[in-house]
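Heads up, the thing below is written out as structure tokens.
Values in this document were obtained by computation on a predicted structure and should not be read as measured data. Only heavy atoms go into these numbers, but all of them, side chains included; no hydrogens, no water, no symmetry mates. Letters A, B, ... mirror the listed sequences (proteins, then strands); counts begin at 1.
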Amino acid sequence: MPELPEVETMRRGILPIVGSRIESVVCPPCERKPILLSPAIKPFDRRLRGKQVVAIDRRGKRVIVEIEDEQAIVIEPRMTGLVLLSDPPTREHLRLRITLSGNSQQQLLFWDRRGLGTVRLLTKKEIESQIEAKLGTDALEITSNELRDRLGKSQRAIKVALLDQSAIAGVGNLYAAELLFRAGIDPRTRCDRLSGPQWKRLVAEMQDVLQEAIHYEGSTLSDGTYRNAINGEGGYQAHHLVYDKAEKPCPRCEQGTIVRIVQAQRSTFFCPVCQRKRGLHVTLESRL
DNA sequence: CATATGTCCTGAGAGC
DNA sequence: TGCTCTCAGGACATAT
């Protein structure tokens, strides 16, 4: 489930294609439903042939491959999508192959087991209206004041609100659980009940956990799906504190047990003892 | 407007 | 062993 750290790892992994030119774009014969591609493969290919890759960016959980002439390929991996430079995990789920010419023969692949991901070719203007305008500030850039301005009056649970990409872009289910645990905040707490110091702590822990996860190249969960651009596993799963740890003892307070609850049809993991609605911030830190 | 729910998709794992 | 069923959760469409 690529979230910000995994998508940032993809971005960094495909930086070597900057400067290369696109030779062709094809949808490999795929027995499954064709990937959600826009526009269709023919105009997609025609508009890109001969064009140079000028930069690789990221916005929230999207990879943006900037192409000369004010175009960009926007890739949304969603649940199981991968952006690869080397051979994909399986042949049958390969959805798009972009052949590049440069000093060395290169290719950029989009592979997606479940096929929920999307690849779109947009102009700079379309990016402005369809991406920039719809997404909130990137989670690595946002300040606690801005997040509080955006969510502070919401009655939603903080865990649910953090997944709202129009408020803040990049946080998904896994890192929401991890950051709230670190911040000592009960995921069920309504946004409008969070104090100033709690917003501050939340954003600090969020950026900390995201940076740390980027350092380890993201999390490859037990299903093994997520890979970096050269098909290598991430390493951050070894550092998860609460995600998918139901019934396990709390790694911090020792009296608590991690529980799993469901919020907005998604699993939430937390420690009911040290993530209490009221405070405890100081005690928590001393135990870490 | 804010918030909640249904939908897409595949493969792993449970239960019989 | 092999079948059916449920579940996982990204983002968006639709409903309340």
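- Between Glu128(A) and Lys125(A) there is no salt bridge, since no side-chain N of the basic residue sits under 4.0 Å from a carboxylate O of the acidic one.
- In this structure, the side-chain contact (heavy atoms from CB on, under 4.5 Å) partners of Gln165(A), at least two apart in sequence or on a different chain, are Lys61(A), Leu135(A), Ala169(A).
- Residue pairs meeting the salt bridge (charged side-chain N to carboxylate O under 4.0 Å, His left out) criterion with at least one member in residues 232-250 of chain A, sequence neighbours excluded: Arg227(A)-Glu233(A).
- Taking the salt bridge (Lys or Arg N to Asp or Glu O under 4.0 Å) definition, one finds that Arg266(A) meets it with nothing, sequence neighbours left out.
- Across residues 154-167 of chain A, Gln165(A) each have a non-hydrogen atom less than 4.0 Å from an atom of DNA chain C (numbered order).
- In summary, Asp223(A) and Arg113(A) engage in a salt bridge, as defined by a charged side-chain N under 4.0 Å from a carboxylate O.
- Each end of the helix from dA2(B)-dT16(C) to dC16(B)-dG2(C) gets its own axis from five base pairs, and the two axes differ in direction by 50°, given to 10 degrees.
- For the pair His93(A) and dC9(B), the criterion of a side-chain N or O lying under 4.0 Å from OP1 or OP2 is not met.
- Applying the side-chain contact (heavy atoms from CB on, under 4.5 Å) criterion to Glu178(A), with sequence neighbours excluded, gives Leu174(A), Val209(A), His240(A), Leu241(A), Val242(A), Tyr243(A).
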Anything under 3.5 Å between a protein N or O and an N or O of nucleotides 4-8 of chain C, put it in a table, one pair a line.
from   : atom 1 : to        : atom 2 : distance (Å)
dA8(C) : OP1    : Arg260(A) : NH2    : 2.2
dA8(C) : N3     : Arg114(A) : NH1    : 3.4

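- Among the nucleotides dG11(B), dC8(B), dC12(C), the one closest to any side-chain atom of Arg78(A) is dC12(C).
- For residues 209-230 of chain A, proximity to DNA chain B is found at no residue, defined as any non-hydrogen atom under 4.0 angstrom from a strand atom.
- In terms of the salt bridge (Lys or Arg N to Asp or Glu O under 4.0 Å) criterion, Arg47(A) has no residue partners (sequence neighbours excluded).
- Residue pairs meeting the salt bridge (charged side-chain N to carboxylate O under 4.0 Å, His left out) criterion with at least one partner in residues 160-174 of chain A, sequence neighbours excluded, are Arg156(A)-Asp164(A).
- Residue side chain Arg62(A) does not reach the base of dG10(C) through any donor-acceptor N/O pair under 3.5 Å, judged by distance alone.
- For the pair Asp112(A) CG and dG11(B) C1', the computed distance is 13 Å after rounding to whole Å.
- Applying the salt bridge (Lys or Arg N to Asp or Glu O under 4.0 Å) rule to Glu141(A) yields no partners; only residues at least two apart in sequence or on another chain are considered.
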Every protein N/O lying under 3.5 Å from an N/O of nucleotides 13-16 of chain C:
none

